[in-house]
There are 2 protein chains.
Amino acid sequence: MSQQPTRRSTNRGDRLRRAQSVCGDGKICPPDRATALLEAVIEPFDRVAVEGDNQKQADFLAAALAKADPARLHDLHMVQSVLALPDHLAVFERGIASRLDFAYSGPQSRKLAELVATGSLKIGAIHTYLELYGRMLVDLTPRVALLVADKADRDGNLYTGPNTEDTPVISEATAFRGGIVVAQVNQIVDRLPRVDIPGDWVDFVVPGPKPYLIEPLFTRDPAKVRDQNVLMAMMAIAAVYEPYEVQRLNHGIGYATAAIELILPTFAAARGLKGKVARHFVLNPHPTLIPAIEAGFVDNVYCFGSELGMERYMSERADVFPVGSDGSLRSNRALAQVAGQYACDLFIGGTLQIDAGGNSSTATKDRITGFGGAPNMGADARGRRHDSPAWLRAGREAGETIRGRKLVVQMVQTRQPTGAPSFVERLDAFDLAAAAGFALPPVMIYGDDVTHVITEEGVANLLLCRSAEERAAALRAIAGDTEFGRAGSAGVTEDLRRRGIVMRPSDLGIDTTTANRDLLAAQTLGDLVACSGGLYAPPAKFLRPSVAKPATADVH
Amino acid sequence: MSQQPTRRSTNRGDRLRRAQSVCGDGKICPPDRATALLEAVIEPFDRVAVEGDNQKQADFLAAALAKADPARLHDLHMVQSVLALPDHLAVFERGIASRLDFAYSGPQSRKLAELVATGSLKIGAIHTYLELYGRMLVDLTPRVALLVADKADRDGNLYTGPNTEDTPVISEATAFRGGIVVAQVNQIVDRLPRVDIPGDWVDFVVPGPKPYLIEPLFTRDPAKVRDQNVLMAMMAIAAVYEPYEVQRLNHGIGYATAAIELILPTFAAARGLKGKVARHFVLNPHPTLIPAIEAGFVDNVYCFGSELGMERYMSERADVFPVGSDGSLRSNRALAQVAGQYACDLFIGGTLQIDAGGNSSTATKDRITGFGGAPNMGADARGRRHDSPAWLRAGREAGETIRGRKLVVQMVQTRQPTGAPSFVERLDAFDLAAAAGFALPPVMIYGDDVTHVITEEGVANLLLCRSAEERAAALRAIAGDTEFGRAGSAGVTEDLRRRGIVMRPSDLGIDTTTANRDLLAAQTLGDLVACSGGLYAPPAKFLRPSVAKPATADVH
């Protein structure tokens with residue numbers, strides 16, 4: 001037998017012994033020894049997962065790792081959902097890590113592109129969330145995982161609170177391959193409200209000197225929803241939700257989808273759609289969903305993560321949200337991605353660019369952003385076998401004879417807030433691929449998975465198109481006053497309109513004079529609070545005067 | 001506010017109070033009160049999940065439910081992975097349940113078809129595993145879940161042992177929607193080897209009067225591998241594994257794929273492929289994988305479930321299998337399906353029927369079998385974004401310009417053991433759909449997802465085909481002496497062969513005179529035991545004289 005049966009477990013024992021010299025017996029490590037602990041349990045060339053997605057962050061452990069001695073820790077291979085913090089890049093700048101596999105890099109996307117250009121960092125691949133979790137179990141298993149949770153007890157049991165997110169899958173991948181699991185927590189207590197991660201899976205707990213960082217990324221202030229968002233939301237309901245009878249869905253985090261949430265109790269209710277559409281969501285607990293929930297539109301919401309300020313509301317709406325017997329939400333990003341992929345009939349989201357083939361991307365030449373989970377849900381789930389009216393109708397329209405189709409809708413204004421056209425002949429993603437040495441351009445959603453595109457000009461139903469030329473013509477017809485749109489032909493557009501491939505608001509029975517903010521069931525955050533019966537508590541940052549924010553892609 | 005905030009939790013409290021009158025305080029319920037407990041916590045029209053897949057079964061709880069009084073419990077909606085036991089059907093025959101959503105029904109497939117025909121049972125849908133889990137989280141959430149585990153402590157913490165399987169996802173879906181979770185266990189102990197399911201998620205534990213039922217479904221006796229299986233296995237390696245450099249894969253449970261496992265250390269090694277192919281598996285711990293593991297071919301195996309007799313071997317091969325610090329495997333069907341879908345370059349499996357479009361199915365008119373997990377893995381994962389040599393090459397061959405393709409291989413002899421042709425002009429699935437009232441025929445793997453088909457006659461590379469006619473011709477070329485095959489044209493076949501679309505063994509450098517059992521690294525179960533250093537302990541049933549078995553589809 002050539003196999004050494006205990007290679008990993010022997011090595012794990014070595015690491016644990018080194019750790020003992022840092023923080024003694026037991027699982028609790030004082031915060032001032034965090035870097036020493038990481039230097040003890042991590043070895044050069046290890047794959048290391050730092051937990052953090054677009055909500056909570058293991059920020060203290062990320063900082064502790066960034067302070068490590070590069071003579072001791074070097075050539076680490078970071079495997080992480082999101083690159084969000086300066087410390088996530090500092091490990092590369094300081095020579096501690098050299099390789100990165102990830103899924104999303106919001107605020108750090110420009111700096112990341114610079115580090116790739118200078119050779120400080122080599123990207124393995126940009127993944128989607130489910131794909132990255134899958135690889136953590138197969139060929140990118142972390143040797144050490146740095147997690148984040150709310151509370152721990154002395155046995156290492158973890159309580160995550162509502163933001164369970166990625167913790168279960170990262171800890172399972174690591175703990176059951178002889179890896180070392182270290183968790184940063186806000187508090188060590190004698191008895192946890194509930195156990196989210198069993199202590200058997202956790203080797204060390206570090207109480208952080210301050211609460212871990214968490215961002216309320218899914219809060220959209222109704223005051224910022226514009227009339228054009230309302231118009232597009234009306235079209236989405238009239239052209240997609242209603243005719244396809246869409247009951248189960250996932251959607252993005254932009255103002256356009258926030259507008260949909262906010263006109264369910266008004267526009268959709270007036271069309272008699274209560275109980276007929278949008279009953280089951282796979283979605284974070286968006287505050288803008290409160291009016292639809294209170295109106296009884298929504299049966300339930302399964303959550304990737306949580307949202308700051310929604311805790312009490314969710315606890316009191318345990319019929320709608322996945323809440324434990326302790327009264328707090330349990331979210332789960334991996335399972336929510338599965339639910340979004342397989343149990344939803346519709347994905348609707350936004351993008352920065354879309355080309356004549358319907359391919360869309362949020363990548364630009366100088367920003368390596370990644371796509372998070374959108375591609376897991378914004379694609380036909382070819383392993384799905386159950387039918388539904390939406391799925392069957394979409395399949396029929398596409399000319400399928402033995403299966404249905406998932407509805408994948410891109411909602412985008414013809415121009416971005418910067419004035420740049422959203423419709424382009426060639427995605428910037430091709431330039432990025434060339435610059436960064438990727439084998440293929442980072443496309444977010446492939447054109448042949450997209451079924452509808454909605455702009456303020458109208459709706460293109462790509463399911464009914466029978467050729468690449470027809471698809472391109474349908475997109476040009478709704479691309480408005482852009483170079484891409486002007487390349488279309490009025491005659492062709494009218495033909496597509498007669499055939500129901502292109503729909504203008506009037507074709508959908510929408511009176512555009514009513515397409516304004518008056519349709520919103522809540523006009524302000526204060527309205528949301530009132531609608532929640534005072535249970536929703538917006539974070540302080542939203543109550544301060546607003547500051548300009550960069551455009552955000554839809555990330556789940 | 002129209003919402004009643006505590007509808008579910010109030011109802012949950014009512015159920016728990018009723019249960020208290022059955023089994024008092026605490027979580028332990030004596031086995032003789034199991035039916036009374038279920039009558040207390042279940043209400044008519046509830047959705048109820050009975051755990052059980054193609055390995056372990058909550059058999060005692062299934063029997064306890066089947067004994068319930070139909071005057072108290074009726075119109076239940078069963079949501080379960082697998083319909084395997086007579087008691088799973090008895091609840092329908094006795095009028096306790098009326099509706100079924102499931103993923104697979106092996107031994108009960110004929111009886112199930114009968115019950116559907118007589119109207120005793122209405123099928124919601126036949127799902128794939130991931131799809132069913134997704135729906136459990138969204139619109140088919142169980143109100144009560146009946147689980148199975150090895151051991152529990154008095155707080156309700158569960159230890160599953162190596163067959164963790166579906167337990168985490170079912171318990172999570174149920175416990176966090178105000179549901180009731182009941183677990184059957186073999187033993188109640190003071191201290192568990194490890195915690196797989198936290199006690200907070202479990203309401204009641206019933207010690208079963210005997211150990212739960214578990215089937216070793218993934219054990220293939222090397223003695224039963226035939227020469228033709230070896231030939232097909234050689235072609236799979238020469239035509240797919242080698243040229244595409246397939247390192248990460250999932251495959252089926254038939255003798256053809258067992259043959260692949262058994263010739264990795266011989267045929268593949270002789271071709272210099274060690275370390276170049278088949279390094280990472282997403283697979284149950286097949287005993288026939290032992291020689292490849294011992295030869296150092298396999299880096300690791302991530303597991304859906306476990307396999308009886310492999311416990312000690314896996315424990316001693318913790319570098320290869322996902323083993324906890326307690327020394328036993330932790331499997332996870334939901335995560336393994338994700339890993340199989342997103343982190344593998346190849347799925348290779350078998351079928352009963354395949355048509356001219358390459359669509360395959362194991363459904364026949366009088367058997368409603370379902371497909372388990374094969375479709376989750378036997379499909380292009382359109383949400384995948386990372387590249388690999390295999391994925392890129394498959395994409396190039398298919399004419400893709402912006403993405404790769406997953407390799408999906410169907411390996412099937414031209415005739416089934418019954419003599420029935422495997423290639424047909426029309427799948428029986430169409431008749432089944434008509435008879436059972438399904439909207440669409442139950443296709444296992446859609447033809448446009450299949451990249452290669454392998455028979456004893458040769459290999460058809462469908463990626464290189466550019467029309468439906470060409471695909472059909474390629475399939476006819478390898479369909480041998482069947483009606484389907486005879487409808488082909490020798491001239492067309494020769495043209496396809498020149499273009500590399502059709503490959504005969506000789507085209508692959510395979511000397512068919514060597515294609516026999518001598519190539520197997522183990523000839524018998526005894527050889528596997530020896531190769532494992534005595535760590536593998538085949539279940540007694542395999543050591544008795546063999547009995548004829550029905551043909552088995554590939555189910556994960």
Side-chain angles (χ1 to χ4, degrees), chain A residues 1-3 5 7-9 125-128 130-131 133-135 137-139 172 175-178 194-195 198 200 248 280 282 293-294 296 302 316-319 322-325 330 335 338-339 342-343 359 375-376 379-380 382-387 392 402-403 439-441 443 446 449 533, chain B residues 1-3 5 7-9 125-128 130-131 133-135 137-139 175-178 194-195 198 200 248 280 282 293-294 296 302 316-319 322-325 330 332 335 338-339 342-343 359 375-376 379-380 382-387 392 402-403 439-441 443 446 449 533:
Chain A
M1 291 187 290
S2 65
Q3 196 80 24
R7 188 159 37 92
R8 273 206 169 224
S9 55
I126 308 176
H127 301 77
T128 59
L130 271 183
E131 181 183 10
Y133 306 146
R135 295 197 71 188
L137 299 163
V138 175
D139 65 333
E172 180 153 357
F176 292 95
R177 288 278 186 204
R194 72 168 186 243
V195 174
D200 298 332
R248 301 171 300 164
H280 307 281
V282 177
I293 291 171
E294 295 306 310
Y302 189 69
E316 296 290 320
R317 293 294 175 275
D319 290 346
V323 165
S325 52
R330 160 117 172 168
L335 291 181
V338 168
Y342 280 98
N359 301 297
N376 296 136
D380 195 38
R382 297 166 88 96
R384 168 179 170 172
R385 294 294 179 273
H386 74 282
D387 63 51
L392 289 172
I402 55 171
R403 63 177 162 197
L440 294 174
V443 171
Y446 294 119
D449 277 318
Chain B
M1 290 185 291
S2 67
Q3 197 79 27
R7 188 160 37 93
R8 274 205 168 225
S9 55
I126 308 176
H127 301 77
T128 58
L130 272 183
E131 181 182 11
Y133 306 145
R135 294 197 72 188
L137 299 162
V138 175
D139 65 333
F176 292 96
R177 287 278 186 203
R194 72 170 185 243
V195 174
D200 299 331
R248 301 170 301 164
H280 308 280
V282 177
I293 292 171
E294 294 306 310
Y302 189 69
E316 297 290 320
R317 293 293 175 278
D319 289 346
V323 165
S325 52
R330 159 118 172 165
N332 187 319
L335 291 180
V338 168
Y342 280 99
N359 301 298
N376 296 137
D380 195 39
R382 297 165 87 95
R384 170 178 169 172
R385 294 294 180 272
H386 74 281
D387 64 50
L392 290 172
I402 55 171
R403 63 177 162 197
L440 294 175
V443 170
Y446 295 119
D449 277 318

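Convention: sequence-line order gives letters A, B, ...; per-chain numbering from 1.
- Here B:D449 is the residue among B:D387, B:D449, B:N332 with the most heavy-atom pairs under 4.5 Å with chain A.
- The existence of a salt bridge linking A:R385 and B:E131 is excluded, since no basic side-chain nitrogen approaches an acidic carboxylate oxygen closer than 4.0 Å.
- Residue B:A175 touches chain A through its backbone alone, counting heavy-atom pairs closer than 4.5 Å.
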Stepwise side chain to side chain contact (heavy atoms under 4.5 Å, CB included) test for B:R403 and A:Y446: CA-CA 9 Å; B:R403 63 177 162 197; A:Y446 294 119; 2.6 Å; yes
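- The minimum heavy-atom distance between B:V195 and A:P198, with the atom names listed, is O-CG, 3.5 Å.
- Looking at B:I126, only its backbone comes within 4.5 Å of chain A, counting heavy atoms on both sides.
- Looking at heavy atoms from C-beta onward, B:R384 lies out of side-chain contact with A:H127 at the 4.5 angstrom threshold.
- Of the two parts of B:R194, the backbone and the side chain both hold a non-hydrogen atom closer than 4.5 Å to a non-hydrogen atom of chain A.
- Between chain B and the residues A:V338, A:T128, A:N376, the most heavy-atom pairs under 4.5 angstrom are made by A:N376.
- Nearest heavy-atom pair across B:G383 and A:A379 is N-CB, 4.4 Å.
- Proximity to chain A (any heavy atom under 4.5 Å) is restricted, for B:V323, to the backbone atoms N, CA, C and O.
- Residues A:Y342 and B:V138 are not in side-chain contact: their nearest non-hydrogen atoms beyond the backbone lie 4.5 Å or more apart.
- When the candidates B:D200, B:V443, B:L392 are compared by the number of heavy-atom contacts under 4.5 Å with chain A, B:D200 comes out ahead.
- Contacts with chain B were tallied for A:A125, A:A343, A:P322; A:P322 has the most, counting heavy-atom pairs under 4.5 Å.
- Between B:I402 and A:L440, the closest side-chain pair of non-hydrogen atoms is not below 4.5 Å.
- Across every non-hydrogen atom of B:S9 and A:D319, the tightest pair is N-OD1, 4.4 Å.
- Of all heavy-atom pairs between B:R382 and A:D380, the closest is CD-O, 3.7 Å.
- Interatomic distance, CZ of B:R330 versus CZ of A:R177, reported as 13.5 Å (0.5 Å rounding).
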